Amino acid sequence: MRLRPFELVEPETLADALAALARLDGEARLIAGGTALVPMLRLGLVKPERLISLHRLPALAEIRTDDGTLRLGAIATLADIERARAVREGWPLLAEAVHRVASPAIRTSGTIGGNLCYAEAASDPAPALLCLEAEVRVAGPAGERSVPVTGFFRGFYETALEPGELVTAVRIPAVPAGALSGYVKFTPRSAEDKPLVGVAALITLDTAGRCAEARIGLAGAAPTPIRAHRAEMVLRGEAPSDTTVRAAAEAAAREAEPLSDLMGSADYRREMIRVWVRRLLVAMRDGTHRAEPNQD
Amino acid sequence: MTLTFVLNGHPCTAEAPAHWTVLDLLRDGLSLTGTKDGCGEGVCGTCTVLADGRPIRACLVLAAHVRGRALVTVEGLETDGRLDPLQTAFAERGAAQCGFCTPGMLLAAKALLTEDPAPTAQEVREALSGNLCRCTGYAKIVEAVLAAAPGRS
């Protein structure tokens, strides 16, 4: 089945892309890899008259580090991010979570900016970006601004982008020294599915073995990806004993506000959050967490 | 829209409307029907082709996005009339039943073996995780890919 016809605008500068977005606002959609938008076009969920493609803006695909900060251009592909040595060595949590997205061919085309802008609650990269305290760089008619990723997801498939704005990059600060981190994805169907729940965590331990830093990001736990703040508070200042980890997992399950859908009910999701937060924290603590291959 | 790219090793210029995907371009524009039209939403993997050596879903990528890139379809796997070792291994090991998923399987496997000539069985399964076979299962497909891996002997 063909896509409904549209006009394709292919700007070659960011300024032209913003001008096109301003001129066509309301009737145009941005497209990068197309892995989220093309199925929506095919199903008729969106019927734009025009698409503005970002694929002729190679500067937006750049992956680089500046003074210890990782900068991912908005159209950097998930495949390039998971392979980039700087990411694997400096931000292994991100490499691990990105590697779990769908299947290899989807990651060849799918982009980090597209993943953020789609604002899927069951996103693999989002919980990792939340834990890594990433910052979303946005350009628009009023110039550029930064949005912490913790404030980027505003509601069910809703972001903080204003009309005429687009994401140009994601900036990720250096990971705290000695941090332990990991991502687990639970899918009751096939491994390449989106997560029923996804859990990312990053902790640092002080010299007495207590959690100095504790960050937990959850996918599939609410209408948007979220940080599990109450669970983090349970961990901070405490050694990650079995009892503390269990209490943190319980707090995460309680603060989650999951939705029911065809993949699973809200109650089932809540239970799985309890299980997977606990398992991940225990495995990180014991040094037994391994970046899982994309197969359960 | 005029598109210039490399197709199966040869320069190619083709006309395509803006709303065509790579799958429309290959099957309807260029009559290369080896690439199969399955789910149309990127899930089944039958339309997998290579772009600059990496697997893509032809049904999800706009034709405009292949400008300047090198595409390989199942028609381009053979060299001088000789089948690719993957194709030979699939045939010899019975790694196909109805054959509908086979072109996508071959190209997903080709991308893997190009990047890693000696993958483990687990890595093969992971590389093929987005390619569905509804006939017969995956054991013979994984065996065939391992048998064709140049770094394993």
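Quick note on labels: first sequence line is chain A, next is B, and so on, each numbered from 1. Just so it is clear, the structure is predicted and the values come from calculations on it, not from any experiment.
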Should A:D80 and B:R54 be marked as a side chain to side chain contact (heavy atoms under 4.5 Å, CB included) after you check the CA-CA gap, both sets of side-chain angles, and the distance that decides it? CA-CA 11 Å; A:D80 282 344; B:R54 292 218 183 128; 2.8 Å; yes
Residue [X] versus chain B: region with a heavy atom under 4.5 Å:
X: A:A79; result: both
X: A:R83; result: side chain
X: A:L51; result: side chain
X: A:T35; result: both
X: A:R56; result: side chain

Proximity breakdown for B:N131 and chain A, heavy-atom pairs closer than 4.5 Å: neither
If I measure from the heavy atoms of chain A, does B:C59 come under 4.5 Å with its side chain, its backbone, both, or neither? both
Assess the residue pair B:R57 and A:S103 against the criterion (side chain to side chain contact (heavy atoms under 4.5 Å, CB included)); give the C-alpha distance rounded to whole Å, side-chain angles, the decisive distance to 0.1 Å, and a yes or no. CA-CA 10 Å; B:R57 295 285 196 252; A:S103 55; 3.2 Å; yes
Criterion side chain to side chain contact (heavy atoms under 4.5 Å, CB included) against A:S109, the qualifying member of B:I56, B:L60, B:L62: B:I56
Main-chain N/O of B:P55 paired to A:T108 side chain as donor or acceptor, under 3.5 Å: yes
Per-residue tally against chain A (heavy atom, under 4.5 Å) across B:D24, B:L23, B:L128 peaks at B:D24
